[in-house]
There are 2 protein chains.
Amino acid sequence: MANVEMTRKEREKLMHKDAILNASVRLFSDKGFHNVSMQDIAEESEFAVGTLYNFFQSKEQLFTELMNNCADKIYNTLWPILESNLRQDEKLRTFVRAYAKFAEDNIEFIRLYISEYGTLTLILPHDGHAEKIKAVIDAKISDIIKSGIKNNIFRPVDTEIITLALLSTIRSFIFESSKEFNKAKVEQGLKKIEQLFVDTLLIPENRSNG
Amino acid sequence: MANVEMTRKEREKLMHKDAILNASVRLFSDKGFHNVSMQDIAEESEFAVGTLYNFFQSKEQLFTELMNNCADKIYNTLWPILESNLRQDEKLRTFVRAYAKFAEDNIEFIRLYISEYGTLTLILPHDGHAEKIKAVIDAKISDIIKSGIKNNIFRPVDTEIITLALLSTIRSFIFESSKEFNKAKVEQGLKKIEQLFVDTLLIPENRSNG
DNA sequence: TCATATTATGAATTATCGTTCATATAAAGT
DNA sequence: ACTTTATATGAACGATAATTCATAATATGA
């Protein structure tokens, strides 16, 4: 972040750590935690195995840090939108679009995040940070829908279920798309998800596009 | 299946194999493939490690067979509904309800199935059978929606997206529920999913309940 | 009852992988 | 140039876990 204050050495050290994390995300996102060895990460990042342990206490630590970075990145991208002053329907639309943009720029990251936290959770090393962030975002979406209903913008649907539906659909769609990423297709698909959910939610008098 | 034709020995052998598979599903569904050892399975099933290898070539074989059984069970439950003569909207409603019932009776099975095939796929040993079944069901749901649109029962929505949305919502909901299963809650939730999707799809003149 | 065939056993083997650490390399300071 | 400090290296270690196999137990049928 504030890398003006740093010496060249410190900056290089950060770069190295970053290189290791980048190599890791590539490998983990397509093989999964248990099918990637520290050897593999060492080769991919062009460091020696021992060097990895200068940066991370253990393989689990490395993985946890990776997931937490990922969760934070997602949080920093999406939270401002959810906290903005947009009307509830526009908030949801913007949220979906931002998800698409984020996915485009961070496909391995998001693939890993969705595959690990989409369903699984119990199995891999984690300290709960990423799950907390997921829960916070889920709750916020739920709030937005509730408040949209209160303001007579949305129809009075079951909030829990539509939140689950919206988020699981976005996540599944992006996960499917990530197998062979195609920018145009993803944008088109997410626009359709936006239409499906937001237009379904809107009470007719608020609809402007069809 | 046709265990009338079998000797007692053959029947017992099948029972043993079944006991091993049942022990495995319990363990895999709450620890995941890589966190369950053949030792663990041996203890849980009350056989020796070596005995497991009289029934299965390898741990991967065992897992693959388990997943394939699971997929077949789901297929046999759901396919008849999708092929029935019900009107398209009733087909979807029945499908959702059958999913709930199936989940109730086979919670470990379905938890394993969804967690492995909900998102992940690449990471675990598999021969593609379970994926094929998933694809076949997905395609069939898509067809039903298309045909509902053709018959003016459903609104002309984007078929791909609504299929993805419906199935990913069902799967996420059941997976979430499986963490602490509660029959009433699951039935209630799936009824809401049914309402959300099927009622959204129906063109107003076909609606009977609200 | 005894010989044969079937099935079960679990200690031993083998392989993999996370982790450590003595050593090498390179940078910084004097 | 020489000392000190920081960083990188990868062979060696130890633990875990899949798999094998010689042996034991059990069932079958003559």
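Chain naming here is simple, since letters A, B, ... match the order of the sequence lines and numbering starts at 1 in each.
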In whole Å, what is the span from the CZ atom of B:Phe33 to the P atom of D:dA17?
13 Å
Without swapping roles, check the side chain of A:Glu10 against the backbone of A:Thr7 for a donor-acceptor pair under 3.5 Å.
yes
Could you state the CD-P distance from B:Glu60 to D:dA17, rounded to the nearest angstrom?
16 Å
Can you measure B:Leu52 atom CG to D:dA17 atom C1' for me and round it to whole angstrom units?
13 Å
Over how many whole Å does the gap from B:Gln39 atom CD to D:dT19 atom P extend?
13 Å
Listed nucleotide nearest any side-chain atom of B:Ala48, set D:dA8, C:dT9, D:dA18:
C:dT9
Between the side chain of A:Thr77 and the main-chain N/O of A:Lys73, is any donor-acceptor distance below 3.5 Å?
yes
Taking the minimum atom-to-atom distance to the side chain of A:Val49, which one of D:dT7, D:dG10, D:dT19 wins?
D:dG10
Flag if over 12 foreign heavy atoms under 6.0 Å of NZ, A:Lys140
yes
Quick one: A:His34 NE2 to D:dT16 P, roughly how many Å, whole number?
15 Å
Between D:dT7 (P) and A:Glu10 (CD): distance, integer Å:
9 Å
Rounded to whole Å, please give me the gap between CE in A:Met15 and C1' in D:dA8.
17 Å
Just to be sure I understand the rule, does A:Phe56 reach a base, reach only the sugar-phosphate, or reach nothing, if contact means heavy atoms closer than 4.0 Å?
nothing
When all nucleic acid strands are considered with a 4.0 Å heavy-atom cut-off, which category describes B:Ser37: base, sugar-phosphate, or nothing?
sugar-phosphate
Walking DNA chain D from its 5' end, the first of B:Tyr53 and B:Arg8 to be reached, judged by nearest nucleotide, is B:Tyr53
Rounded distance (Å) that lies between atom P of C:dT9 and atom CG of B:Asn54:
9 Å
Side-chain contact test, heavy atoms from C-beta onward, threshold under 4.5 Å: evaluate it for A:Phe56 versus A:Ile20 and give yes or no.
yes
Is A:Asn76 reaching over with its side chain to a backbone N or O of A:Asp72, donor-acceptor style, under 3.5 angstrom?
yes
Relative to the 5' end of DNA chain D, which residue comes earlier, B:Met38 or A:Glu46, by the nucleotide with the nearest heavy atom?
A:Glu46
